[in-house]
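Just so we're clear, the structure is a prediction, and the values are computed from it rather than from any experiment. All chains are named by letter (A, B, ...) in the order of the sequence lines, taking the proteins before the strands, and each is independently numbered beginning at 1.
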Amino acid sequence: MAGVRECALAAADALELARDELCRLDSPAGDGDHGVTMALAAHAVRNALDAAPDASGADLLVHLAAAAGSVGGASGPLYASALLAAATTVRQAGPDTGTVPLVARCAEAAQAAIVNLGHAKPGDKTILDALDPAVRSLLLETSNTEMGDALAQAATAARAGAAATAQMTAAAGRARVLGERSRGFADPGATSMAIIIEAAASAFRGRPPRSATRP
Amino acid sequence: MAGVRECALAAADALELARDELCRLDSPAGDGDHGVTMALAAHAVRNALDAAPDASGADLLVHLAAAAGSVGGASGPLYASALLAAATTVRQAGPDTGTVPLVARCAEAAQAAIVNLGHAKPGDKTILDALDPAVRSLLLETSNTEMGDALAQAATAARAGAAATAQMTAAAGRARVLGERSRGFADPGATSMAIIIEAAASAFRGRPPRSATRP
Amino acid sequence: MTFKKLINDPFDVVDEALDGFVYAHSSLIALHEPRVVVRRSPAGSKVGIVVGGGSGHEPAFGGYVGLGMADAAACGNIFASPPPNVILSAIRAANHGHGVLMAYGNYAGDVMNFGLAAQLAAAEGIEVREVRVSDDVASAPKGEESKRRGIAGDIIVFKCAGAAAEGGRPLAEVERIARDANDWTRSMGVALSACEVPGSGRPTFELPDDQMEIGMGVHGEPGIKRGPLRPADEVAGVLVDTILADVESLRGDVALLVNGLGATAYVDQHILFRAARRALEARGLNVVRGYVGEFITSLEMAGASVTVTFLHDELLALLDAPASAPAFRN
Amino acid sequence: MTFKKLINDPFDVVDEALDGFVYAHSSLIALHEPRVVVRRSPAGSKVGIVVGGGSGHEPAFGGYVGLGMADAAACGNIFASPPPNVILSAIRAANHGHGVLMAYGNYAGDVMNFGLAAQLAAAEGIEVREVRVSDDVASAPKGEESKRRGIAGDIIVFKCAGAAAEGGRPLAEVERIARDANDWTRSMGVALSACEVPGSGRPTFELPDDQMEIGMGVHGEPGIKRGPLRPADEVAGVLVDTILADVESLRGDVALLVNGLGATAYVDQHILFRAARRALEARGLNVVRGYVGEFITSLEMAGASVTVTFLHDELLALLDAPASAPAFRN
Ligand SMILES: Nc1ncnc2c1ncn2[C@@H]1O[C@H](COP(=O)(O)OP(=O)(O)O)[C@@H](O)[C@H]1O
Ligand SMILES: Nc1ncnc2c1ncn2[C@@H]1O[C@H](COP(=O)(O)OP(=O)(O)O)[C@@H](O)[C@H]1O
Ligand SMILES: [Mg+2]
Ligand SMILES: [Mg+2]
Ligand SMILES: [Mg+2]
Ligand SMILES: [Mg+2]
């Protein structure tokens with residue numbers, strides 16, 4: 001069964017494939033670099049995974065946080081804090097690993113960390129608009145749900161949330177300046193978050209993530 | 001009958017109209033500014049004419065030389081030295097003004113001045129390739145030829161000379177570096193020289209110069 | 001359309017560029033670690049100044065390291081704030097036991113990364129203060145000054161803070177001065193064409209051939225509106241008027257800085273400087289100091305900004321104090 | 001495609017730009033007359049140095065007026081040599097009774113205009129010598145060095161001649177040194193895209209999207225050939241190899257100058273500097289001095305050049321001598 005390592009590798013693959021799309025989404029209202037930043041993060045993630053072949057899930061999450069954070073920008077520290085919060089949640093859970101409720105608690109902690117660092121809220125046209133529906137979806141699941149199914153549900157919710165940002169007015173990040181002119185295109189950070197959750201889901205299903213099937 | 005002033009005004013008109021064409025010709029092998037430089041010269045010429053309403057032909061030629069020289073570049077000093085040489089020729093001629101042989105001697109002196117300053121020769125793809133055939137045409141005329149006809153003949157020769165530069169390899173000025181790649185387009189300085197002689201001819205015929213009839 | 005670049009692997013751009021930049025200025029600066037530029041001869045006993053931000057803004061930020069300016073610059077990826085560990089190294093390098101002031105442009109990413117670094121430094125016992133430069137009047141309305149972006153006003157704030165620190169003032173004073181310089185500084189710019197983040201494969205924005213973007217940031221983030229391209233005098237008038245409308249009591253003397261974004265010719269920058277100076281003087285202000293050139297660029301973007309600092313004696317003296325950094329000398 | 005410019009009337013570009021430039025650097029320079037830039041405080045008893053050429057190359061040429069460099073710069077229209085009377089004024093302003101050295105790039109127009117000015121000055125009893133900078137190896141083959149154009153090597157020659165004059169050397173010595181600096185200096189550049197002379201309505205050349213022009217001059221005059229755009233390391237290799245192939249006995253120590261033409265990002269310039277330094281060092285040379293930035297531009301042209309000066313002790317000492325001009329400080 002897939003673990004943190006497989007999910008991270010799937011996310012790295014998917015983010016590298018989505019480089020152009022994420023840059024394109026960051027162009028109209030941002031500075032056009034989100035795809036490059038996430039590709040750099042993917043590269044750092046691969047190095048981190050290679051450097052820690054035997055690490056536990058919680059330790060891997062800490063390494064992934066460092067890797068994500070190393071790229072800087074707005075998304076680096078946000079993803080880093082999210083991954084660190086997830087690592088803490090896994091550690092606190094003790095032996096109870098790999099269950100859907102734990103994943104849901106991790107996602108919830110990740111979201112809280114992002115809010116805590118960035119002071120945005122759902123509806124501000126940020127990463128949170130993909131993460132928040134995913135968290136809510138995961139919290140609805142029970143321990144009887146298959147992990148793959150739970151993540152697939154969460155991924156669908158995240159993707160829908162990311163798509164919905166196209167209708168939002170930005171209230172955080174670089175796009176905020178644009179105000180009304182920021183409408184009409186999806187938020188790049190929400191899109192990368194959706195791609196990551198989709199990749200995790202596909203790792204559990206043994207399928208390539210959705211983005212990887214594109215040309 | 002047209003004199004130095006009318007010829008200079010006609011030339012100024014024609015050069016301003018030819019600004020784009022001269023810049024275009026200076027682009028493939030030069031620095032793209034010849035039209036701007038000659039338009040600046042035209043502007044200076046108008047000011048010089050306004051400032052010297054009662055000047056004699058020879059004095060006007062000196063003022064025109066200063067005006068042409070004030071724009072600098074390669075063409076400024078070349079046209080200035082040519083006009084200065086013409087002024088000297090007119091002065092030396094004494095009362096014998098406005099005859100075709102005197103104009104021929106002026107043109108000859110102008111050519112010598114350009115050679116003396118720039119050390120180019122006909123065939124080098126320069127101003128001289130328009131001026132040299134015009135000088136030779138003028139020297140063939142007698143004092144019985146009408147000035148307008150003599151200048152028209154010279155203008156035809158100058159235009160043919162300028163057109164022929166398209167087949168030449170540049171051996172002087174900026175275009176020299178290009179060598180063989182300089183073939184295929186007419187020399188901007190030869191073209192501006194042809195335009196000026198055409199304008200002088202048309203001033204004598206009371207027609208607008210050829211270039212002014214273009215869109 | 002993509003931009004033609006003289007680079008190798010797009011992912012190596014920042015490190016290769018820093019190598020070249022620091023080597024060429026090795027009498028003044030050195031690399032402390034891959035992304036941290038420090039003074040060649042570390043300053044003695046004084047408050048440390050750390051500046052930094054994303055790369056792609058050269059000569060910012062490494063160009064402002066030197067006597068009378070910063071002690072260290074933390075450099076991020078192109079248009080991306082440096083991460084906390086890089087900033088922490090810069091803080092450590094700048095620290096001489098009198099505390100460290102960090103001055104950086106007010107961007108979401110920088111606020112988070114510098115903030116995290118400050119926490120890490122505090123945990124090591126280094127006293128750190130932060131001043132976020134927020135001079136871009138186009139990026140938030142009056143009353144929301146703290147939400148504004150930092151653009152070319154960075155240079156004024158770095159200069160004044162650096163001079164204060166070099167002059168031996170304590171951390172609280174240096175912080176007060178940096179804040180004061182920021183409070184009295186307003187900027188606004190226009191972009192005429194875009195740039196391309198290496199590896200992104202596309203320009204950061206599209207602008208029709210006859211349009212300019214008014215209020216553009218230094219990363220290609222859009223401004224407040226688009227309009228037809230206008231002559232320099234008119235553009236300067238709009239920028240100066242917007243800046244002056246934002247200030248309550250206009251003081252008599254100002255410093256004027258015109259910053260080229262990268263691809264705009266120097267003659268254009270100089271013409272805009274002249275136009276802005278005349279606009280300011282026509283409105284009764286007195287331009288007593290002028291700076292023109294490329295101080296904080298956006299890769300190969302075309303455009304320029306106008307920065308006005310409303311001066312009082314202290315700020316003027318700090319602006320005029322000696323400085324010797326690759327991109328700023330007095 | 002035309003270029004977007006921040007200008008007013010195209011015919012006013014040069015005068016308005018000089019006004020802005022000189023105002024912003026008024027602690028160092030002043031306008032002696034509309035097109036002549038001079039030092040703010042004239043130098044004392046020494047050989048005068050006059051530089052100059054067309055405008056559109058900013059910070060050349062006014063940016064090299066100052067202590068340890070030139071006494072006066074004569075500025076022409078865009079890409080057009082100044083006329084003799086302007087140069088004559090510059091000569092007069094620079095003359096302190098010890099003669100004047102004029103250093104300028106070797107272009108047909110400059111040769112004629114500076115030559116005419118020298119004759120006029122001689123008629124006034126001022127002793128004038130001329131050195132034509134001819135560093136561009138792409139512009140004429142070996143053996144025809146005197147036909148070569150002057151590009152970024154200008155700065156090296158101006159610096160060495162300026163230092164020699166400031167050091168009190170007599171005119172013949174200053175001339176010898178300027179010639180020697182020119183003899184030991186070689187450059188070559190690439191252009192990636194064109195610029196537009198204001199008022200001309202068109203780019204100075206057209207270059208396909210995937211091509212560069214190798215050996216391009218600083219006015220958009222074509223180079224020796226076109227080729228596909230290559231990574232910076234390869235471009236540096238070609239430029240360095242062509243430069244080294246032109247020199248007979250390679251000396252150990254060199255100064256390396258990388259000059260951006262205007263629109264090329266500083267990160268690209270810095271990467272090219274790094275690449276050229278590595279290429280020189282791989283070929284056994286030792287880069288002991290480095291300069292990178294925009295020293296002599298071509299309006300908003302994209303591209304850059306590499307200049308190598310093969311050093312001996314005298315040249316190195318002159319390069320390192322103090323200088324304080326708007327665009328060059330030591
Ligand atoms: N305060 C914030 N909270 C949550 N997400 C944010 C915040 N600020 C920015 N973001 C996210 O970061 C994304 C931009 O990331 P990126 O382009 O990598 O950073 P930068 O803005 O520094 O260029 C935005 O699309 C948005 O989703
Ligand atoms: N030595 C020379 N003798 C005669 N004509 C010359 C010489 N050098 C250049 N020219 C002429 O000058 C023209 C270019 O003029 P212009 O563009 O105004 O000057 P620049 O080359 O300084 O930009 C060339 O087309 C050529 O006809
Ligand atoms: Mg971004
Ligand atoms: Mg020309
Ligand atoms: Mg960014
Ligand atoms: Mg020219």
Side-chain angles (χ1 to χ4, degrees), chain A residues 16 19-44 65-81 84 113-114 116-120 124 126-127 170-182 188-189, chain C residues 10-11 13-14 35 52-56 74-87 107-117 136 138-141 147-149 194-206 215-226 298-299:
Chain A
E16 280 166 354
R19 181 167 83 175
D20 279 6
E21 180 192 351
L22 295 174
C23 284
R24 187 174 54 73
L25 290 175
D26 198 24
S27 292
D31 57 353
D33 66 351
H34 190 60
V36 173
T37 298
M38 295 310 289
L40 285 164
H43 183 75
S70 74
V71 299
S75 37
L78 290 168
Y79 277 112
S81 66
L84 268 187
I114 289 175
N116 188 43
L117 183 61
H119 308 292
D124 283 354
T126 72
I127 294 181
R174 286 181 202 283
R176 184 184 51 72
V177 174
L178 263 197
E180 281 304 315
R181 275 172 74 198
S182 69
Chain C
F11 282 173
V13 160
V14 172
R35 301 286 180 99
S55 293
C75 305
N77 289 318
I78 299 289
F79 291 176
S81 164
N85 59 313
V86 171
I87 302 168
Y107 294 90
D110 294 280
V111 169
M112 291 187 273
N113 287 292
F114 279 84
L116 291 167
D136 183 0
S139 54
K147 291 191 182 168
R148 289 179 176 167
R149 304 182 287 222
C195 59
E196 181 184 321
V197 175
S200 75
R202 58 166 38 79
T204 49
F205 57 91
E206 308 274 0
M216 171 66 71
V218 283
H219 305 81
E221 315 96 320
I224 43 183
K225 65 174 180 194
R226 290 186 170 185
S298 300
L299 295 171

Closest-packed option against chain A by number of heavy-atom pairs under 4.5 Å, given C:D136, C:I78, C:V111, C:T204: C:T204
Specify which of C:N85, C:V86, C:V197 makes the most heavy-atom pairs with chain A at under 4.5 Å. C:V197
Given side chains that start at C-beta, do those of C:F11 and A:V36 come closer than 4.5 Å, heavy atoms only? yes
Short side-chain to backbone donor-acceptor contact, C:N77 and A:V71, under 3.5 Å: yes
With a 4.5 angstrom heavy-atom cut-off, which part of C:P198 approaches chain A: side chain, backbone, both or neither? backbone
Rounded to the nearest 0.5 Å, what separates atom NE2 in C:H219 from atom CG in A:D26? 11.0 Å
Select, from A:S81, A:S75, A:G32, A:G73, the one with the greatest count of heavy-atom pairs under 4.5 Å involving chain C. A:G73
Who wins among A:C23, A:G118, A:A80 for the most heavy-atom pairs under 4.5 Å with chain C? A:C23
Closest heavy-atom pair and its distance - A:S27, C:R202: OG-CD, 3.5 Å
Rounded to the nearest 0.5 Å, the OG atom of C:S200 sits from the CZ atom of A:R19 at a distance of 8.5 Å
Could you tell me the separation between the CG atom of A:D31 and the CZ atom of C:F205, rounded to the nearest 0.5 Å? 11.5 Å
Pair A:L117, C:L116 - check side chain to side chain contact (heavy atoms under 4.5 Å, CB included), show working. CA-CA 9 Å; A:L117 183 61; C:L116 291 167; 4.1 Å; yes
In terms of heavy-atom pairs under 4.5 Å with chain C, the winner among A:S70, A:G76, A:A120, A:G35 is A:S70
